[in-house]
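Accompanying notes for the structure given below.
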Amino acid sequence: MKAVDLRSDTLTLPSGEMREAMASALVGDDVYGEDPTVIRLQEEAAALVGKEDAIFVPSGTMGNQLAILAHTERGDEVLADSQAHIYYYEVGAPAMWAGVSIRPLDGLLAGGGLDVLRNALRPADIHFPATRLVCLENTFNRGSGTVMFPDEMKDIYHFAGSKGLKVHLDGARLFNAAVFLGKDVREFTANCDSVMFCLSKGLGAPVGSMLAGDSGFIARARKYRKALGGGMRQAGVLAAAGLVALKNINRLEEDHRHARVLAKGLSALPVFEIELDRVQTNIVVARVAGGIPASGLVRMLGEKGVKCSAFGPDLVRFVTHLNVGPEDVEYTLKAAGELSVNTPG
């Protein structure tokens with residue numbers, strides 16, 4: 001049976017070029033700041049997103065948490081969308097490590113973000129925590145991979161700055177947003193104080209993310225990385241894969257194209273409902289019709305060799321990536337079509 005894994009773009013496998021780069025990487029001790037391949041990756045990443053400095057971290061979650069630690073003090077408040085990855089999927093880490101609370105805001109990432117932020121701010125009062133940080137996310141994972149436009153980010157960034165707030169961007173799939181709009185990624189990153197982006201999603205590296213900002217911010221983040229156990233030694237073996245991954249930015253359009261084909265095909269089947277205008281990048285979120293639970297549909301597709309994820313009681317998520325080609329999309333649609341034919345109602 002053919003196997004197609006659409007659960008996440010974290011499932012990409014390193015290419016031959018990437019494996020060769022890892023095998024031949026020059027290495028040193030990165031905790032001492034002596035790994036030449038890590039240094040090169042950090043310099044290239046910082047330049048790419050238009051920031052002074054960057055730090056290599058094991059995961060996007062760690063990058064986001066280092067940003068929160070470096071931007072806030074214990075007892076502070078962080079504002080984030082109620083569906084944001086930082087709030088929804090990171091195990092309550094801001095409370096664990098930074099001792100801050102996240103106030104979830106409905107709609108911050110779903111259009112109208114400036115109005116949502118403006119209405120959320122409270123006056124100084126002994127009863128309220130000090131609000132220090134706004135967290136954005138681009139692309140928006142639980143928003144079907146939709147893109148926040150640079151102009152909207154700019155409005156939020158300037159308003160936040162006028163209120164003394166910092167802005168951190170969870171840019172796990174930021175290059176998908178840049179490719180979708182055909183813009184330089186720095187048009188997005190100019191509108192935040194810090195940015196995290198993943199190497200291990202659509203860019204195809206097996207491990208790692210980058211956190212970028214000004215040099216003082218990165219110095220603080222580096223100390224927190226050490227405290228959280230993220231100081232790696234001969235990490236150039238992994239950084240070498242990251243350098244190759246940065247060559248994969250332009251090919252993300254292939255993933256977007258495959259997602260659009262998949263979404264159109266699924267939407268033609270009676271068992272799926274999809275808002276096609278929200279399929280902008282490499283994520284397809286489908287509502288399951290006919291009262292079928294998402295978990296049941298995921299199981300049935302899995303039995304046909306197609307892996308996907310339940311994204312809610314009646315939502316299923318499919319994610320295209322560099323190991324998913326046109327033939328995999330065709331196979332998925334065939335398997336889903338067979339389910340539609342055989343499923344009552």
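Being a predicted model, the structure only gives us computed values, none of them experimental.
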Minimal non-hydrogen separation, Ala54 against Arg222, with atom names: O-NH2, 4.1 Å

Flag, side chain of Asp76 to backbone of Thr72, donor-acceptor distance under 3.5 Å: no

Inter-residue atom distance Leu203.CG - His321.NE2, 0.5 Å rounding: 13.5 Å

Can you tell me which residue among Lys163, Arg122, Glu77 is in a side-chain hydrogen bond (donor to acceptor under 3.5 Å, both in side chains) with Thr131? Glu77

Side chain to side chain contact (heavy atoms under 4.5 Å, CB included) partners of Asp53, counting only residues at least two apart: Ile218

Intermediate values then yes/no, side-chain contact (heavy atoms from CB on, under 4.5 Å), Arg103 and Leu105: CA-CA 6 Å; Arg103 182 148 59 100; Leu105 306 178; 4.3 Å; yes

To the nearest 0.5 Å, tell me how far Ser309 OG sits from Leu301 CG. 11.5 Å

Closest approach of Asp81 to Ala110 (non-hydrogen atoms, all atoms of both residues): OD2-N, 4.4 Å

Could you check whether Ser82 and Asp106, counting side-chain N and O atoms only, form a donor-acceptor pair closer than 3.5 Å? yes

Please say whether the positively charged group of Arg287, taken as NZ for Lys or CZ for Arg, lies over the ring of Phe272, i.e. under 6.0 angstrom from the six-membered ring centre and within 45 degrees of the axis. no

If you count the non-hydrogen atoms of other residues, nucleotides and ligands that lie under 6.0 Å from NZ in Lys2, is the total more than 12? yes

Just by modelled atom types, is the Arg7 backbone N or O under 3.5 Å from a matching donor or acceptor in the Arg317 side chain? yes

Per the ring-ring contact (aromatic ring centres under 6.0 Å, His included) rule, what does the pair list look like for residues 182-214, sequence neighbours excluded? Phe175-Phe197

Start with the C-alpha gap between Leu79 and Leu121, add the side-chain angles, then the distance that decides, and say whether side-chain contact (heavy atoms from CB on, under 4.5 Å) holds. CA-CA 9 Å; Leu79 304 179; Leu121 294 186; 3.9 Å; yes

Is it true that Lys201 and Asp9 have a side-chain N and a carboxylate O under 4.0 angstrom from each other? no

So, do Phe318 and Val279 sit near enough that their side-chain heavy atoms are less than 4.5 Å apart? no

Would you find more than 12 non-hydrogen atoms of other residues, nucleotides or ligands less than 6.0 Å from Tyr157 atom OH? yes

To the closest 0.5 Å, what do you measure between OG1 (Thr189) and CG (Asp184)? 7.5 Å

Donor-acceptor pair between Asn138 and Arg173 side chains, under 3.5 angstrom: no

Above 12 or not: heavy atoms from other molecules or residues under 6.0 Å from CD of Glu275? no

If you measure only the distance, is there a donor-acceptor pair under 3.5 Å linking the side chains of Gln280 and His256? no

Donor-acceptor pair, Asn282 side chain versus Thr320 backbone, under 3.5 Å? yes

So the ring-ring contact (aromatic ring centres under 6.0 Å, His included) pairs with at least one residue in residues 56-77 (sequence neighbours excluded) are His71-Phe217

Electrostatic pair Arg142:Glu137 at N-O distance under 4.0 angstrom: no

Which of Arg225, Lys226, Arg233 passes salt bridge (charged side-chain N to carboxylate O under 4.0 Å, His left out) with Asp30? Answer is Arg225

Quick one: closest heavy-atom pair of Val38 and Gly236, and the distance? CG2-N, 3.7 Å

So with a 6.0 Å cut-off around CZ of Phe128, is the heavy-atom count from everything else above 12? yes

Let's go through Met148 and Leu136 carefully: what are the C-alpha distance in whole Å and the side-chain angles of both, what is the deciding distance for side-chain contact (heavy atoms from CB on, under 4.5 Å) to 0.1 Å, and is it a yes or a no? CA-CA 9 Å; Met148 177 176 278; Leu136 302 179; 4.2 Å; yes

Calculate, to the nearest 0.5 Å, the distance between atoms OG and CG belonging to Ser209 and Leu199 respectively. 6.0 Å

Is Arg220 reaching over with its side chain to a backbone N or O of Ala70, donor-acceptor style, under 3.5 angstrom? yes

Is there a donor-acceptor contact under 3.5 Å from the side chain of Ser8 to the main chain of Thr10? yes

Check whether Glu52 reaches the backbone of Ser215 with its side chain - one donor and one acceptor, N or O, closer than 3.5 Å. yes

Where is the tightest heavy-atom contact between Glu187 and Asn191, given as atom of each residue plus distance? O-ND2, 3.1 Å

Quick one: closest heavy-atom pair of Glu273 and Ala289, and the distance? OE2-CB, 3.9 Å

Does Arg40 CZ have over 12 foreign heavy atoms under 6.0 Å away? no

Below 4.0 angstrom, N of the basic side chain to O of the carboxylate: do Asp151 and Lys154 qualify? no

Counting C-beta onward and ignoring hydrogens, is there a side-chain heavy-atom pair between Leu211 and Val195 closer than 4.5 Å? no

Do Leu246 and Leu41 come close enough that some side-chain heavy atom pair is under 4.5 Å? yes

At what distance, to the nearest 0.5 angstrom, does OG1 of Thr332 lie from CD of Glu327? 10.0 Å

Between Arg299 and Glu303, is the closest basic N to carboxylate O distance under 4.0 Å? yes

Any side-chain heavy atom of Met153 within less than 4.5 Å of one from Ile156? no

Hey, are the side chains of Leu48 and Ile249 touching, using non-hydrogen atoms and a 4.5 Å cut-off? yes

Heavy-atom closest pair (Thr139 atom, Thr281 atom, distance to 0.1 Å) is CG2-CG2, 3.9 Å

Return the CG to CG distance between Leu322 and Asp255, rounded to the nearest 0.5 Å. 6.5 Å

Verdict with supporting geometry, His168 and Ser194, side chain to side chain donor-acceptor pair (under 3.5 Å): CA-CA 5 Å; His168 170 66; Ser194 59; 2.7 Å; yes

Ignoring hydrogens and angles, tell me if any N or O in the side chain of Asp328 forms a donor-acceptor pair with the backbone of Glu330 under 3.5 Å. no

Is it true that, when you exclude Asn250 itself, more than 12 heavy atoms of the residues, nucleotides or ligands shown sit nearer than 6.0 Å to its CG? no

Begin with the C-alpha distance, continue with both residues' side-chain angles, and end with the deciding distance and a verdict on side-chain contact (heavy atoms from CB on, under 4.5 Å) for Leu165 and Arg132. CA-CA 5 Å; Leu165 308 180; Arg132 300 286 186 193; 5.6 Å; no

